[in-house]
Amino acid sequence: MRTRIAVIGPGAVGGAVAAWLDQSADNEVILCARTTLDRLVVETPSRRIEAHPPVLTEPAEAHTVDWVLVATKTYDAAATRRWLAPLVGPATRVAVLQNGVEHVARFAQFASPERIVPAVVDIPAERSAPGRVRQRRMGTIVVPQGENGRAFIDLLADTPITVSTTEDFTTAAWKKLALNCAGAVSALTLKPAGISWREDIAEIQRAMVRECVAVGHAEGAKLDPDLPEEVIAHYRDGPKDSVNSLHADRVAGRPLELDARNGVIVRLAAKHGIAAPINAMVVALIEAATND
Ligand SMILES: NC(=O)c1ccc[n+]([C@@H]2O[C@H](COP(=O)([O-])OP(=O)(O)OC[C@H]3O[C@@H](n4cnc5c(N)ncnc54)[C@H](OP(=O)(O)O)[C@@H]3O)[C@@H](O)[C@H]2O)c1
């Protein structure tokens with residue numbers, strides 16, 4: 001029997017993963033979309049792939065599947081959850097391919113937490129139009145060790161995307177958050193990654209990451225004290241003109257994943273009685289700059 005897979009949010013990440021999964025005759029892929037599309041066309045690092053899965057735009061049209069992959073932006077979680085009621089049965093697994101550290105919390109009321117597979121995604125991709133995606137690298141996905149993790153590896157086994165498991169998903173997710181939180185300075189200043197070469201800006205980024213490390217520790221992540229320096233090295237070693245998604249979304253006038261990338265540090269810091277003034281300030285400044 002074919003594996004039935006529903007991809008909620010066939011944008012950059014969801015579109016690329018759905019198109020790769022659809023290449024296998026063992027899979028039956030359906031797309032759960034907000035904006036309809038005629039087909040998926042993905043320019044991948046190796047070749048152009050196309051897929052013609054059915055596209056649903058109304059949750060009422062959906063039926064139970066084996067796998068749900070949630071690939072909407074974090075701020076669309078509320079609307080995304082409407083899809084889960086018809087798609088999720090007792091044996092359905094729900095993989096959450098989103099940024100941040102709250103993958104399970106975001107959907108726990110709508111699917112059994114032990115069937116939710118949180119995923120740290122590193123698949124650089126962008127969408128030029130509905131169904132049209134450029135995947136810059138094949139990329140990687142990290143999921144927790146265990147039965148769900150093994151099942152997710154099997155699901156993606158015929159694709160060129162590298163999936164691995166980790167025994168400490170909390171740490172993996174917070175490490176990615178440390179990198180992402182520092183990227184907010186680009187969204188604030190509208191300057192690409194090379195801005196980290198300014199020592200005054202790097203100092204702000206180090207402070208943001210130090211706050212992230214403190215809150216991550218309180219949440220159970222094992223984060224190296226050298227992480228702030230590693231994050232600065234990451235931004236300095238990469239292309240100076242690299243534009244992160246928060247920056248790109250602000251330039252395009254789209255909503256921002258600010259709460260999932262920086263707001264979460266401020267919220268959880270307050271929960272643990274930890275000070276996170278630099279992230280709080282950056283969140284306030286970006287919110288003030290982007291809201292009337
Ligand atoms: N792109 C990357 O390089 C990358 C890399 C690593 C991690 N991520 C993370 O992956 C997640 C997805 O990012 P992305 O870049 O793929 O976003 P994206 O290109 O904006 O795609 C999101 C998709 O979700 C759809 N959507 C929104 N609300 C929906 C709803 N209620 N029902 C069905 N579909 C809905 C959007 O529809 P519309 O067509 O109507 O907008 C869009 O197709 C984010 O958390 C992001 O941070 C992205």
Side-chain angles (χ1 to χ4, degrees), residues 6-20 30-45 53-62 68-87 94-103 105-107 110 118-143 161-163 172-173 175-177 179-181 183-184 187 193 238 242-264:
V7 178
I8 309 176
V13 168
V17 172
W20 279 115
I30 61 163
L31 305 180
C32 301
R34 178 170 63 185
T35 306
T36 197
L37 50 106
D38 57 349
R39 66 203 154 119
L40 289 171
V41 181
V42 184
E43 302 292 343
T44 84
V55 181
L56 312 183
T57 53
E58 281 302 325
E61 303 168 310
V68 175
L69 308 189
V70 180
T72 53
K73 295 276 197 171
T74 52
Y75 51 73
D76 280 323
T80 305
R81 292 178 194 128
R82 294 193 312 129
W83 287 100
L84 296 178
L87 290 169
V94 179
V96 181
L97 278 55
Q98 292 183 327
N99 265 337
V101 292
E102 296 171 303
H103 305 71
R106 240 174 256 135
F107 297 98
F110 304 86
V120 172
V121 180
D122 180 13
I123 302 176
E126 69 248 349
R127 192 168 48 135
S128 54
R132 305 297 180 272
V133 175
R134 178 164 175 217
Q135 182 184 1
R136 291 181 181 272
R137 259 191 295 115
M138 288 307 184
T140 63
I141 303 180
V142 178
V143 293
I161 298 165
T162 305
V163 184
K175 266 191 180 168
K176 171 102 189 268
L177 189 72
L179 200 60
N180 279 343
C181 80
S242 171
V243 172
N244 69 52
S245 66
L246 203 65
H247 179 182
D249 286 343
R250 184 173 170 209
V251 170
R254 293 186 289 257
L256 307 180
E257 288 189 311
L258 186 61
D259 181 66
R261 295 168 61 128
N262 297 87
V264 62

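Just so you know, ligand 1 is whichever comes first in the structure, and atom 1 is the first atom listed for that ligand.
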Taking only Lys NZ, Arg NE, NH1 and NH2, and the carboxylate oxygens of Asp or Glu, determine whether D76 and R106 approach each other closer than 4.0 Å.
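The answer is no: the pair does not qualify as a salt bridge.
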
Decide whether [X] and [Y] meet the rule of one side-chain donor and one side-chain acceptor closer than 3.5 Å.
X: Q98; Y: T74; answer: no
X: S245; Y: R261; answer: yes
X: T140; Y: T162; answer: no

Select all protein residues for which some heavy-atom-to-ligand 1 distance is less than 4.0 Å, and list them by chain and number.
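The answer is I8, G9, P10, G11, A12, V13, C32, A33, R34, T35, A71, T72, K73, D76, A79, T80, W83, L97, Q98, N99, V121, I123, P124, A125, R127, K176, E257, counting any residue whose heavy atom sits under 4.0 Å from ligand 1.
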
Just to verify, which of I8, T36, V55 counts as forming a side-chain contact (heavy atoms from CB on, under 4.5 Å) with L31?
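Single pass found, and it is V55.
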
Is any side-chain heavy atom of P53 closer than 4.5 Å to a side-chain heavy atom of I30?
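Heavy-atom side-chain distance check fails, nothing below 4.5 Å.
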
